[in-house]
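Structure first, commentary second.
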Amino acid sequence: MLPPARGSAKTLAMSQKPVAELTEAVAVEELTRLADEIAQHDIRYYQDEAPTISDAEYDALKLRNAELEAAFPHLIRDNSPSLRVGAARSEQFAPVEHGVPMLSLDNAFSDEEALEFEARVRRFLRLEEPVFFTAEPKIDGLSASLRYERGVFVRGATRGDGRVGEDVTANLATLKEIPKRLVGEGWPEVIEIRGEVFLGHEEFAALNASAAAAGQRTYANPRNAASGSLRQIDPKVTAARPLRFFAYAWGYVSSPFAETQWEALQKLKAWGFRITPETRRVEGPGWLLAAYREMEAVRPKLGYDIDGVVYKVDRLDWQQRLGFVSRSPRWAIARKFPAEQARTILEAIDIQVGRTGALTPVARLKPVTVGGVVVVNATLHNADEIARKDVRIGDTVILQRAGDVIPQILGVVPEERPPGAEPYVFPSRCPCPLQTPVARETTASGAETVVRRCTGEFACPFQKLAHLRHFVSRRAFDIEGLGEKQLTAFVQRGWIQEPADIFRLARDEDRLAELRAAEGYGETSVRNLVAGIEARRTIPLDRFIYGLGIRHIGETTAVVMARGYGSAAHFLEAMDKVAARDPAAVEELDAMDQIGQAVIDAAAAYFAEDHNRRMVRNLVAELTILDTEKPKSDTPVAGKTVVFTGSLERMTRDEAKAQAESLGAKVASSVSRKTDLVVAGPGAGSKLKTATELGIQVLTEDEWLALVAG
Ligand code: IVH
């Protein structure tokens, strides 16, 4: 699946017109669009951990919003993005109200803006003499607040919306760099320590590599990985991730403990926290700029992401006097680094065909180093994106790598377009030898999407190859000795047309003999290949289902279906019925956890196709498919979906979940019409309310224990 269409931000919400030329009516319209757009990106960033625009693009939207608000202050909306920090928190964790709100920082994007900040501070304080500032690296992670009472770590929370965060105490407690008890002396009786949770580059790479190997989703950048790792339901998962923590600020304190930011940082260090070693104390405007340059220079050597420098007025009494404007302090500013960009030549645009026939344009670039990495490819997403950016072969393109795995093409440099470069025409035919026509995909309601698909389906050799590649991939059948190269060669020889052919090949003595004699093969590699194939002749049901490559049926869904059906026979019988839209079979599938209409439609379409049915039948004939153990069925809660909410007093959440699951129940985190039981303890809120509204049975913790005991 392609990521959601991106970039609409630039075309929709932001006009290019100078603010001074805008009429009030146009400004209102643009502010409305900006508010919507930014809110959506906030959700993608903070809640989904899946941003669809780069930080620089996001900053540009916020900047435009701020400019408009400065020019039209009476038009500032109640829900203005400038008044909001972060996005609403998720419901997974209990809410924690911060003793002092966790605010955000204003940004400066140039030397001029940094100098203006310095001058503003002096003007405000009516000072002639230079002011001391700390210059601290701006760590690119997620902020957390740690409450210590009498030196003991009692609660840890995410920032959330700035006022109320999420209680992630158990998860934060697993971090080595977060002291469970403060050491030394002189700490206030109660103090909220603020700092950044983050993941180093090496740890990030290792985490993604093992996630990929285990068939789990990978993270786009270290910040998302840190956020995802911290917001795990199971603290054991967090504990296994090498998250780090730098302390740089504080919230509520029961008594003052320092006179300057610098002194405060030294105290945090003495109490057992890590502080950023690059932090400097500098005096006057020249040194502010020098500190930025210095930070820029050390950035590549740090081993973790920083996205700028934070300047803070050193004297705390002056910070106090400076105070806040809306949600940011007047005494601090973040001087942001520009996202790492480079220019290079677009040498070609290749079209890749996925297993479902989706055509994805890939930019082939003249190799260029961006942020320490040599980049040769970048995604162009889809035809609309190419047209919107008017990217042409031969163009000099601006490439950006903002910690993301896939580099983005921001746009072209029009002055450097070679003469005669023609607009790119997205192919109307599949690049495969059959050159089947391409169709623009429509949604169920008939709306056109950005996806173009090859209409050749099973006939298209590229689609077929992509499909087979999926079949042998690690998370599916994981056939050792049958990599991309071998697979392509066998497909070209006409030996492998469909998955069953792989297993037929393993016992086709004539072909194996031919292979032994072929260049590049030999006795050993053929023996290994046969062993690799034979090892997968017996396969668990979930891998079998996933290997079929049905749209929308990823690994998780495959596991759910395998559990639901138990055996291959049952699965196949049910699929035939779903294809025939048999109401009972559709209902059975729909009732499975997390399965919705998209999966039902995809399964029905797949099994309605004769070609697919034949292919599956041939494959099944070659295999032994292992049953998936069905959850227990003879307990009072077997097959029921249970939600625990509020606080439990006789067991921990983890215990309750494990117990319910061992008795064949499914434990869900949110209440929906698929929920059978809600166990509510003291403090239960919105979930309990929803349950009552939906008429779902609600039990107390004691009633639940009696039920499962009985
Ligand atoms: S001070 C009232 N110091 O940047 C200001 N923030 O945009 C409190 N950050 O939410 C923040 N390094 O997540 C501060 N040395 C540093 C920082 C830092 C990273 C993050 C933090 C904050 C965001 C502000």
Side-chain angles (χ1 to χ4, degrees), residues 1-3 212 215-218 350-362 377 379-383 406 427 429-442 449-479 482-492 494-503 536 539 542-559 561 575 579 598-599 601-620:
M1 275 267 292
L2 287 169
Q216 291 154 356
R217 76 171 199 155
T218 53
D350 284 353
I351 303 290
Q352 278 180 354
V353 184
R355 79 188 138 84
T356 58
L359 267 49
T360 306
V362 179
N377 299 322
T379 176
L380 283 164
H381 300 286
N382 53 58
I406 307 170
R429 292 180 174 274
C430 178
C432 78
L434 293 184
Q435 307 210 332
T436 331
V438 166
R440 200 172 172 134
E441 189 181 63
T442 50
T449 73
V450 293
V451 182
R452 265 94 169 157
R453 244 174 247 285
C454 161
T455 54
E457 306 227 355
F458 325 109
C460 170
F462 281 20
Q463 230 177 105
K464 195 165 22 178
L465 189 60
H467 194 265
L468 286 164
R469 226 185 275 134
H470 168 80
F471 182 81
V472 302
S473 68
R474 217 176 181 127
R475 294 133 81 167
F477 272 65
D478 188 21
I479 299 183
L482 195 57
E484 175 90 37
K485 206 174 87 205
Q486 293 84 353
L487 191 64
T488 312
F490 295 157
V491 171
Q492 269 166 5
W495 290 2
I496 296 183
Q497 301 273 357
E498 58 169 4
D501 289 333
I502 297 171
F503 295 94
R536 294 293 181 262
I539 194 93
D542 59 315
R543 279 194 177 236
F544 167 79
I545 297 175
Y546 175 65
L548 295 180
I550 304 168
R551 277 177 80 185
H552 301 299
I553 303 191
E555 267 180 298
T556 318
T557 309
V559 169
M561 291 173 79
M575 287 301 106
V599 170
D601 291 344
Y606 188 96
F607 284 95
E609 197 65 61
D610 279 343
H611 174 278
N612 287 337
R613 275 214 300 277
R614 219 174 312 122
M615 185 201 77
V616 173
R617 206 179 322 121
N618 293 344
L619 177 62
V620 171

List in chain and number order the residues that pass salt bridge (charged side-chain N to carboxylate O under 4.0 Å, His left out) with Arg355, two or more places apart in sequence or in another chain; answer none if no residue qualifies. none
I need the Gln463 CD to His467 NE2 distance, nearest 0.5 Å. 8.5 Å
Could you pull out the closest heavy-atom pair between Cys454 and Leu359, with the gap in Å? N-CD1, 3.8 Å
Mind listing the closest non-hydrogen atom pair of Gln435 and Arg429 along with its distance? O-NH1, 2.9 Å
Are any non-hydrogen side-chain atoms of Ile502 and Ile479 less than 4.5 angstrom apart? yes
Identify, with sequence neighbours excluded, every residue that meets side chain to side chain donor-acceptor pair (under 3.5 Å) alongside Thr436. none
Could you pull out all residues at least two apart from Phe490 that satisfy ring pair (Phe, Tyr, Trp, His ring centres under 6.0 Å)? Trp495
Ring pair (Phe, Tyr, Trp, His ring centres under 6.0 Å) partners for Phe477, two or more places apart: Phe471
Working to the nearest 0.5 angstrom, can you tell me the gap between Leu487 CG and Arg469 CZ? 7.5 Å
Spacing of OG1 belonging to Thr488 relative to CD belonging to Gln486, to within rounding of 0.5 Å: 8.5 Å
Identify the heavy atoms of Arg551 and Ala602 that sit nearest to each other, and give their distance. O-CB, 3.1 Å
Look only at the side chain of Arg613 and the backbone of Phe607, and say whether a donor-acceptor pair between them is shorter than 3.5 Å. yes
Between the CG atom in Leu548 and the CE atom in Met615, the distance rounded to the nearest 0.5 Å is 5.5 Å
For Glu498, the side chain to side chain donor-acceptor pair (under 3.5 Å) test, sequence neighbours excluded, returns Arg504, Asn618
Residues which pass side chain to side chain donor-acceptor pair (under 3.5 Å) with Asp478, listed by chain and number, not counting sequence neighbours: Arg536
According to salt bridge (charged side-chain N to carboxylate O under 4.0 Å, His left out), who are the partners of Glu609, at least two apart in sequence or on a separate chain? none
For Gln492, side chain to side chain donor-acceptor pair (under 3.5 Å) partners two or more places apart: none
Using side-chain heavy atoms (C-beta onward) and a distance below 4.5 Å, is Leu619 in contact with Phe503? yes
What residues form a ring pair (Phe, Tyr, Trp, His ring centres under 6.0 Å) with His470, not counting sequence neighbours? Tyr546
Backbone N or O of Thr356 within a donor-acceptor pair of the Arg453 side chain at under 3.5 Å? yes
Give me the atom names and distance for the closest heavy-atom approach of Cys432 to Cys460. SG-SG, 3.7 Å
List for me each residue that meets side chain to side chain contact (heavy atoms under 4.5 Å, CB included) alongside Val362, sequence neighbours excluded, and say none if there are none. Gln352, Arg364, Asn377
Write down the atom of Pro433, the atom of Pro461, and the distance for their closest heavy-atom approach. CD-CG, 3.7 Å
To the nearest 0.5 Å, tell me how far Cys430 SG sits from Phe462 CZ. 6.5 Å
With sequence neighbours left out, what residues match Pro361 under side chain to side chain contact (heavy atoms under 4.5 Å, CB included)? Ile349, Ile351, Leu380, Ile386, Phe426
Only counting residues at least two apart or in another chain, list the ones meeting salt bridge (charged side-chain N to carboxylate O under 4.0 Å, His left out) with Arg440. Asp384, Glu448
So do Val353 and Pro431 actually touch side chain to side chain, heavy atoms under 4.5 Å? yes
